[in-house]
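Since the structure is predicted, the reported quantities are computational estimates derived from the model, not experimental observations. Whatever order the structure lists them in is the order used to number ligands and atoms, beginning at 1.
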Amino acid sequence: MDNRRLVVVSMGIVLLVLVGVITFSSIIFETQEPSLESSSAPTHWNLQDEIQIGFSDESGIRDYRVQVIFDGEILSDEKEVILNKPKSVKIPLPKPSITLKNGTTIQYKIEITDWSSSHFFTGNTAKVELNLIVDTTPPQVTPIASSYQIARGGSAVVAFEVKDMALEDVRISNGTDEFELFKYLDENIYVGIIAWPLKNKFFTAQLVAKDKAGNVTRHNIPLVRNINIPYYRSNIRIKEDFLSGKLDELLSQIDKKHLRDFENDIEKFAFFNEEIRAEDEKRILKACSDLVSTKSFIDERFAPFVPLRGSKLVGSFGDYRTYYLDKEKISEATHLGIDVASVKNAPIIASNNAIVLLKSHLGLYGNTLLLYHGFGVSSIYAHLQESYVEVSDEVHIGQEIGKTGATGWAFGDHLHFGILVQGHFVRLAEWLDQKWIDENVVSVLSKTRSFYQTRVVP
Ligand SMILES: [Zn+2]
């Protein structure tokens, strides 16, 4: 019995050792050469920033050799042995010992070997060749035209020429948010519409252009800040029968996943006004960020928006609304659009060309259309009775897109209209005003066109 047990135990040990040896030798005899971490391979270099090329290997890195070659001539040739068998290394590229002109190519040949015992214990060797274009010049930024000022809550239009041999990214920061720019007329001309959202106390505009070699140009945009726009606070008294009637009807229409139990009607109201509002705005923001940036409709013929013909204003942009039941404050919210009303089920006519980004029933906004006009600008039409366009349809000036209604959170038939600049709700007074459109959108675009025309003359 004891002997048998001994045999079983020894066989077990032999098996374990075998498994161990096989596992171990599969590592020490692995045939995979060190692999280049592709994200670390650049195409351009400013000869300033440290460039490191990352490699990884299962059995560990043993040594590497780096040759620097320019114009077929070897400038340096160095070999490094690594003793602690790291599974990954970052190899710094030695800077060339001679002065190189912009636009010339410098070549790096890297040979890197692992600790594997394969190939008669010489290991696996990877050979990588990198050709880096020398670029020490940061992007060259020339202002073309710009709005004179930006109002708190408002928008501004800017145009720049940005030149670089390998431009990677151009954007504008307002100190808090970032805005994309759009190519206009040719490869080097960029137009941007930026915003100073109401949520931001401060505004400072800076264009940041980066190239593939890591050179960065920052250009401050001297927009005058207009902080004299008045925004109002209004107190809205809610009637008891609204709480018990309309609220339950609205709650029955929203996505069940947002629902939970409520203690009383006041809790329901706050939930609707705050959480469902935020949920709706998330949907709108997502639709805005899905937009196709290559589409650009806005041109010199761009017209002021007319949300609803023959209507009167019943609610302004930026109103800070506090809701009361009797004397009790029950909720608050900022109104990020305007409310206009005319007759019941009034026709809504498109005042600018667009494509449809979103057609949906939202909890608070009711039946909603979101249209994209180009250069990051979209418009939202809410509480519609019905609409006659579908997502990705083209909309043309003069086309009837829907009828006003009182769907969602609406106290009567009206249109809630808003403008968004890259997902930020902005002041409507500007986008509805011929003078503002002329002095900002039309003027910047026409100056940009003249810049382009005078520049292309040989
Ligand atoms: Zn409204």
Side-chain angles (χ1 to χ4, degrees), residues 153-154 195 197-199 229-239 242 246-247 249-250 253-254 269-285 287-288 305-324 330-348 351 357-371 377-387 401-421 423-432:
L198 269 186
K199 65 172 175 66
I229 303 294
Y231 291 105
Y232 299 101
R233 290 175 168 269
S234 58
N235 298 329
I236 295 176
R237 271 158 231 294
I238 301 295
K239 291 195 188 100
F242 173 82
K246 178 92 176 178
L247 207 47
E249 181 197 320
L250 288 174
Q253 292 167 3
I254 65 169
F269 183 91
F271 163 80
F272 208 82
N273 191 41
E274 291 157 31
E275 289 179 43
I276 294 301
R277 184 186 295 276
E279 204 56 50
D280 283 6
E281 279 161 13
K282 230 195 275 170
R283 283 281 303 278
I284 295 164
L285 192 67
C288 283
F305 284 92
V306 180
L308 190 60
R309 290 177 185 177
S311 62
K312 68 170 207 279
L313 189 72
V314 293
S316 334
F317 175 82
D319 279 357
Y320 191 78
R321 294 174 170 175
T322 310
Y323 297 86
Y324 289 89
I330 56 173
S331 185
E332 47 207 343
T334 307
H335 188 238
L336 294 172
I338 55 170
D339 297 324
V340 285
S342 77
V343 294
K344 200 179 171 205
N345 300 336
I348 301 166
S351 47
L357 284 184
L358 176 80
K359 171 183 173 143
S360 185
H361 180 91
L362 303 178
L364 192 112
Y365 286 88
N367 292 330
T368 301
L369 282 180
L370 185 68
L371 307 186
V377 176
S378 341
S379 61
I380 183 168
Y381 295 79
H383 308 308
L384 307 184
Q385 184 59 40
E386 52 185 335
S387 64
I401 55 173
K403 290 210 188 313
T404 65
T407 55
W409 178 277
F411 297 86
D413 189 302
H414 78 280
L415 171 69
H416 172 97
F417 178 74
I419 296 279
L420 299 108
V421 171
H424 300 280
F425 289 99
V426 290
R427 271 188 89 214
L428 270 298
E430 297 172 345
W431 294 93
L432 270 51

Looking only at atom types and distance, does a side-chain atom of Thr404 sit under 3.5 Å from a main-chain N or O of Asp413, one as donor and one as acceptor? no
Residues in side-chain hydrogen bond (donor to acceptor under 3.5 Å, both in side chains) with His416, at least two apart? His335, Asp339
Counting distance only, does the side-chain N/O of Ser311 pair as donor-acceptor with the main-chain N or O of Arg309 below 3.5 Å? no
side-chain hydrogen bond (donor to acceptor under 3.5 Å, both in side chains) partners for Ser387, two or more places apart: Lys359
Quick one: list whatever passes side-chain hydrogen bond (donor to acceptor under 3.5 Å, both in side chains) with Lys239, sequence neighbours left out. none
Output, by chain and residue number, all protein N/O/S atoms separated from the Zn ion (ligand 1) by less than 2.8 Å. His335 NE2, Asp339 OD1, His416 ND1
For the residue pair His383 and His414, does the interplanar ring angle fall in the parallel (under 30°), tilted (30 to 60°) or perpendicular (over 60°) class? tilted
